[in-house]
Each structure stands twice: as C-alpha cells, then as structure tokens.
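Worksheet for the structure shown next.
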Amino acid sequence: LLEYEYALELEARGLTQILPVLVGAKFAGGLYQEFAGFTKLADFPDAPHCHPRSLHKDQCTVRQTLERLFKLQGESLLNPEDLTQINSVVAKILAALKSSEA
C-alpha cells in the first residue's frame, strides 16, 4: 500500500506514469485466464493507512488509495510467460514515457 501511495503521489505531480499490468489466475495446466477485475473496494478497510511513512494517513483511507489505483487503465497479459505479449506491453510503456518527455 505504501508503494501505491508514493506512486500515485508521483503521478499526481507529473513525475511518473503508472501503467498497471494485469494478469489473471493461472490454471493447473499452466494456462492463464483473462484478468477478471479487482477485488471489490468494500473488501478493503475504510480506515487510515497506519504505516508511519504513509503520505496520507490522516487524509486518505486504504480504500480511497486503492480506488485511485483501480481507476487507472492497465494492459492485460493473457500469458505473462509469452515474450511477445510482454514486449508489446514494454513498447506501450516506452511510448508513454517518450510522449511524456515531449
């Protein structure tokens, strides 16, 4: 959670971009199912983050932090072991970085 807070803060300041890479559950045979979505927000505590280094422990709850993260558009990998899919996501990340530098 602490890493999410810091990443979201850096993004809000325009210092980074976040691109979630979404991977579904792995079946017994080694195949992956498509990413089905995040856990319900109601499953996370609606309480302040208690870590002493939390950026928002008095202003933002755990649930609010995750809600901000879950709103970001991500890239799905159907098979994270497929280098073609991984290279495609890396190319999108590099293109996003390049456009932010322009």
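Predicted, not measured: the structure shown is a model, and the values here were computed from it.
- The nearest pair of heavy atoms linking L2 to H49 is N-CE1, 3.7 Å.
- In this structure, CG on D82 lies 9.0 Å from CG on N87, to the nearest 0.5 angstrom.
- Atom OG1 of T61 and atom CD of E67 lie 8.5 Å apart (nearest 0.5 Å).
- At most 12 non-hydrogen atoms from other residues, nucleotides or ligands lie less than 6.0 angstrom from OH of Y4.
- Contact annotation: the side chain of R53 approaches that of Y6 to within less than 4.5 Å [non-hydrogen atoms, C-beta and beyond].
- Hydrophobic clustering (ILVMFWY, side-chain heavy atoms < 4.5 Å, transitive): L19 and L10 are in distinct clusters.
- R13 is listed as a side-chain neighbour of E9, based on a closest heavy-atom distance under 4.5 Å.
- Shown here for L78 and Q85, the closest heavy-atom pair between the two residues is N-OE1, 2.8 Å.
- If you take CG on L41 and CZ on R63, they are separated by 7.0 Å, rounding to the nearest 0.5 Å.
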Which side-chain N or O atoms in residues 22-38 pair as donor and acceptor under 3.5 Å with protein atoms at least two apart or in another chain?
residue, atom, partner, partner atom, Å
K26, NZ, E81, OE2, 3.3
Y32, OH, E81, OE2, 3.0

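- At a threshold of 4.5 Å between side-chain heavy atoms, the hydrophobic network of Ile, Leu, Val, Met, Phe, Trp and Tyr places V62 and L55 in two separate groups.
- Residues L8 and L15 are members of separate hydrophobic clusters, defined by side-chain heavy-atom contacts under 4.5 angstrom among Ile, Leu, Val, Met, Phe, Trp and Tyr.
- Scanning all heavy atoms of the two residues, the minimum distance from C60 to T65 falls at SG-OG1, 3.5 Å.
- With values rounded to the nearest 0.5 angstrom, L69 atom CG is found 9.0 Å from E11 atom CD.
- Note that CD1 of I18 is 12.0 Å distant from CD1 of I93, once rounded to the nearest 0.5 Å.
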